[in-house]
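Inspection log for the structure reproduced underneath, given as structure tokens.
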2 protein chains.
Amino acid sequence: MARDVARRAGVSTATVSRVLNGFAGVRADKREAVMRAAQDLGFVANGAARALSTRRFMAVGAVVPNIENEAFVRVLSSVQDRLRQAGYTLVAANAGYDLEDELREATFLLERGVDGLMLVGDIHHPDLYARIARSGIPMVQTFSLSRVHSCVGFDNAASAARAANYLMDLGHRRIGVISGLRKDNDRGGARVIGIAQALAARGLRLAPEHDIEISYGIGGGRDGFRQMLAGGLPPTAIICGTDQIAFGAMIEARARGLSVPGDLSVIGHNDSDFAPFLDPPLTTIRIHSAEIGHAAGDHLIARIQGRPVVRLTEIDAELILRASTAPPRRAAD
Amino acid sequence: MARDVARRAGVSTATVSRVLNGFAGVRADKREAVMRAAQDLGFVANGAARALSTRRFMAVGAVVPNIENEAFVRVLSSVQDRLRQAGYTLVAANAGYDLEDELREATFLLERGVDGLMLVGDIHHPDLYARIARSGIPMVQTFSLSRVHSCVGFDNAASAARAANYLMDLGHRRIGVISGLRKDNDRGGARVIGIAQALAARGLRLAPEHDIEISYGIGGGRDGFRQMLAGGLPPTAIICGTDQIAFGAMIEARARGLSVPGDLSVIGHNDSDFAPFLDPPLTTIRIHSAEIGHAAGDHLIARIQGRPVVRLTEIDAELILRASTAPPRRAAD
DNA sequence: ACGGCTTCTGAAAGCGCTTTCAGATAGCCA
DNA sequence: TGGCTATCTGAAAGCGCTTTCAGAAGCCGT
């Protein structure tokens with residue numbers, strides 16, 4: 001097709017390429033002619049040919065555990081922001097909290113020839129690391145910190161511990177956790193560990209019956225809290241893996257005649273759109289997904305373009321205080 | 001790289017290609033040798049070269065107005081489902097309810113060489129249609145019906161009218177609408193028109209002060225309802241463009257001391273996750289996003305593979321009755 | 001007007017696959 | 001075993017760009 005443009009403009013394909021890629025050093029009249037011819041013909045370069053020739057695909061891949069999760073959508077959209085500015089496309093895939101699936105999806109993207117890869121978390125299939133290394137493209141992990149790999153995220157254990165400490169400062173002593181699936185999910189796991197350690201540091205413990213793992217979603221939150229109540233003395237406060245889970249737990253609490261925060265303090269994760277509008281408004285750990293995405297995008301672009309980068313970028317989560325947390329009814333409880 | 005595999009297996013690249021693409025007619029021993037060599041070398045085919053050679057990119061593009069909207073995320077994820085099964089990748093982009101931006105994004109995808117394109121709605125930049133035609137790839141529109149283009153969707157006007165009729169059957173006579181942005185958005189526009197016509201058919205009218213257009217989100221819903229109350233006699237029922245908007249409106253109603261559904265019936269759109277969990281549970285028009293996505297994916301794949309398809313697939317929306325709607329306090333009101 | 005520069009330009013060689021086409025090999029029957 | 005067909009296989013020609021390299025054209029000063 002570039003041939004057609006060349007013919008029409010009376011130049012060679014080399015010149016067409018030079019003009020269309022904004023190279024200097026083409027005489028104005030020829031440049032004009034090429035522009036016009038391309039316009040007239042509605043010329044659209046063949047991406048595959050260009051990619052083959054330049055060995056640049058101009059796309060980066062991203063594999064997230066769940067594309068329907070607000071935090072991940074936001075990170076994708078902010079990564080895309082940055083990529084687009086640099087002329088790159090984002091190709092996203094869903095791994096569904098499963099290392100094997102993640103490997104499959106990522107391989108798929110690698111085969112496509114992406115120039116960079118964004119992953120979530122610090123646990124991945126060993127083969128995946130091998131393939132990425134072999135392909136030679138830059139990779140960045142997000143939402144958690146890593147000892148060895150490039151990453152943009154925060155210390156999940158520390159931020160969850162902060163929430164636990166806040167609850168303990170309020171006087172809570174029986175604190176529960178409802179997390180999403182922890183298998184193949186270092187973020188969820190780290191949060192629970194962080195909470196358990198914070199409790200331990202003050203001589204408390206996370207009772208097994210107050211440590212619940214459920215699948216995500218509002219329904220999961222309801223089930224989770226129901227399950228928690230089934231196990232002996234109820235907690236006076238809970239920390240949930242997402243705001244959806246917190247929402248579900250609050251609904252279940254109310255259905256059982258427990259008032260929030262009177263009988264139960266609730267903390268969520270993510271600061272979703274609806275969190276401030278729940279009744280009561282939800283205290284939550286705000287994860288700066290957009291900032292994480294921007295940083296991750298910048299990181300990848302920089303490495304693709306051979307610019308220096310810092311390996312680890314920390315974008316700390318933040319405890320947003322709202323009305324779903326309060327001191328327990330009886331402080332000694 | 002295929003050369004390396006060929007050398008290692010003691011065959012030609014032609015044979016390597018045949019084996020790796022599952023062609024019959026390669027002797028078992030050579031096939032084995034190729035497989036092993038590919039495995040050993042961790043061979044990953046170069047997608048660009050393959051695309052250039054086959055003139056198939058094995059990817060389809062999708063441009064949605066807002067990637068953070070639940071309905072669109074769901075449709076993307078279900079389209080991807082189908083594509084993946086057929087060996088295709090989904091490349092998604094965000095258009096932000098703007099025809100120019102949509103054109104830009106879609107062109108970007110077209111340049112990438114996608115083999116098919118999914119759009120939302122029936123209003124697009126005229127140049128976009130021209131470019132799609134020139135590129136010769138199949139395109140399918142979603143979420144609304146079209147007179148001329150391939151589409152998978154439903155009659156937005158009719159489904160909204162159904163909601164209006166339901167409210168009128170309950171006895172409501174002052175019905176309001178809070179929609180998202182209607183510019184460049186045939187779905188939103190059609191819904192309002194459908195409601196206005198349904199009202200007109202029963203001798204009522206959609207008062208201008210009860211016809212509110214806001215930006216999406218819970219905050220938008222609150223603002224929208226506040227605005228509506230500012231304009232004279234309040235409605236006894238409202239139909240909202242999304243469940244988020246409905247949520248926002250309900251919050252504002254409660255803040256004003258109005259009870260739902262006692263003083264105000266509320267209907268949303270989408271049947272989001274949280275809709276059944278609101279207080280009261282939200283009556284809403286369920287849009288079968290997943291089914292739309294599956295059908296759209298199947299449609300594109302079929303056309304890419306040269307199989308016959310029906311141009312128009314209707315996947316009707318459904319009115320889900322919950323507790324946020326009831327007869328008005330005084331039926332004559 | 002001409003030599004010596006600099007600036008432009010086009011021919012051609014890839015990029016790494018797929019696929020055709022013709023030749024090599026294997027299989028079969030007489 | 002020889003001849004003929006049916007299977008396999010590899011050489012080579014693209015796919016549509018980019019980019020190198022050498023030659024053409026333009027510019028300048030004398």
Side-chain angles (χ1 to χ4, degrees), chain A residues 1-35 37-38 41-59 87 89 107-108 110-115 134-137, chain B residues 1-35 37-38 41-59 87 89 108 110-115 134-137 305:
Chain A
M1 300 292 253
R3 275 254 298 289
D4 302 341
V5 176
R7 189 156 25 220
R8 193 173 228 267
V11 301
S12 73
T13 59
T15 298
V16 170
S17 171
R18 281 190 271 257
V19 171
L20 265 30
N21 292 299
F23 267 84
V26 174
R27 233 173 36 213
D29 56 335
K30 300 223 172 198
R31 150 169 276 109
E32 292 268 301
V34 170
M35 296 290 237
L41 264 40
F43 175 70
V44 172
N46 178 315
R50 171 176 288 163
L52 180 57
S53 190
T54 58
R55 255 142 301 174
R56 280 277 171 100
F57 192 66
M58 300 306 282
T89 309
T107 302
F108 204 83
L110 254 25
E111 281 181 5
R112 284 296 187 273
V114 293
D115 300 309
R134 199 154 45 212
S135 75
I137 63 168
Chain B
M1 302 294 252
R3 274 255 296 290
D4 301 342
V5 176
R7 189 157 23 223
R8 192 172 228 268
V11 301
S12 73
T13 60
T15 298
V16 170
S17 172
R18 281 190 271 258
V19 172
L20 265 28
N21 292 298
F23 267 83
V26 174
R27 234 172 35 213
D29 56 335
K30 300 222 173 200
R31 149 169 277 108
E32 292 268 301
V34 170
M35 296 290 237
L41 265 39
F43 174 70
V44 172
N46 178 314
R50 171 176 287 163
L52 180 57
S53 187
T54 58
R55 253 142 303 173
R56 282 277 171 100
F57 192 66
M58 299 308 280
T89 310
F108 203 82
L110 253 26
E111 281 182 5
R112 286 290 187 275
V114 293
D115 300 309
R134 199 155 45 211
S135 75
I137 63 167
Q305 299 179 340

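Chain naming here is simple, since letters A, B, ... match the order of the sequence lines and numbering starts at 1 in each. Excluded from the calculations below are hydrogen atoms, water molecules and symmetry mates; all remaining heavy atoms, backbone and side chain alike, are included.
- Proximity note for B:N21 (side chain, C-beta onward) versus D:dC17, C:dT9, C:dT18: the nearest is C:dT18.
- With a 4.5 Å cut-off on side-chain heavy atoms, B:F108 and A:T89 count as touching.
- Take the nearest nucleotide of DNA chain C for B:R18 and for B:V44: the residue whose nucleotide is more 5' is B:V44.
- Around the CZ atom of A:R134, the shell of radius 6.0 Å holds more than 12 heavy atoms that belong to other residues, nucleotides or ligands.
- If you check distances only, the side chain of B:R55 never reaches the base of D:dG14 with a donor-acceptor pair under 3.5 Å.
- Heavy atoms of B:T54 sit under 4.0 angstrom from primed sugar atoms or phosphate atoms, though from no base atom.
- Of the candidate nucleotides C:dG10, C:dC17, D:dG26, C:dC17 has the atom lying nearest to any side-chain atom of B:A45.
- A:A2 comes within 4.0 angstrom of sugar-phosphate atoms only, judged by non-hydrogen atoms across all strands, and of no base.
- Two residues are said to be in side-chain contact when any heavy atoms from C-beta on lie closer than 4.5 Å; A:N21 and A:R50 meet this criterion.
- The CG atom of A:D4 sits 12 Å away from the P atom of D:dC15 (whole-angstrom rounding).
- Contact annotation: B:S12 does not reach the phosphate of D:dA11 (side-chain N/O to OP1 or OP2, under 4.0 Å).
- Using a 4.0 Å heavy-atom distance criterion, A:S17 is classed as a base contact.
- In this structure, CZ of A:R50 is placed 19 Å from P of D:dC15, rounded to the nearest angstrom.
- Of the candidates C:dT18, D:dC17, D:dT19, the closest approach to any side-chain atom of A:A14 belongs to D:dT19.
- Straight-line distance from the CZ atom of A:R7 to the P atom of C:dA11: 12 Å, rounded to whole Å.
- In terms of heavy atoms, B:V19 sits closest to B:M35 at CG1-SD, 3.8 Å.
- Atom CG of A:L52 and atom P of D:dC15 are 13 Å apart (whole Å).
- Summarising the geometry, the separation between CZ on B:R56 and P on C:dT19 is reported as 10 Å, rounded to the nearest angstrom.
- Listed for the A:R55 side chain is a donor-acceptor partner under 3.5 Å among the backbone atoms of A:S53.
- You'll find a donor-acceptor pair under 3.5 Å spanning the side chain of B:S53 and the base of D:dG14, going by distance alone.
- Residue B:V16 is out of contact with every strand shown, counting any heavy-atom pair closer than 4.0 Å.
- Atom C1' of nucleotide C:dT7 and atom CZ of A:F23 are separated by 16 Å, given to the nearest angstrom.
- Counting distance only, with no hydrogens placed and no angle test, the side-chain atoms of A:R27 and the base atoms of D:dG26 include no donor-acceptor pair under 3.5 Å.
- The shortest distance between side-chain heavy atoms of A:R18 and A:R31 does not fall below 4.5 Å.
- Put simply, CD on A:E111 is 14 Å from C1' on C:dG16, counting in whole angstrom units.
- Among C:dG10, C:dT18, D:dC15, the nucleotide with an atom closest to any side-chain atom of B:T13 is C:dT18.
- Here the C1' atom of nucleotide D:dT18 and the CG atom of A:N46 are 12 Å apart, to the nearest Å.
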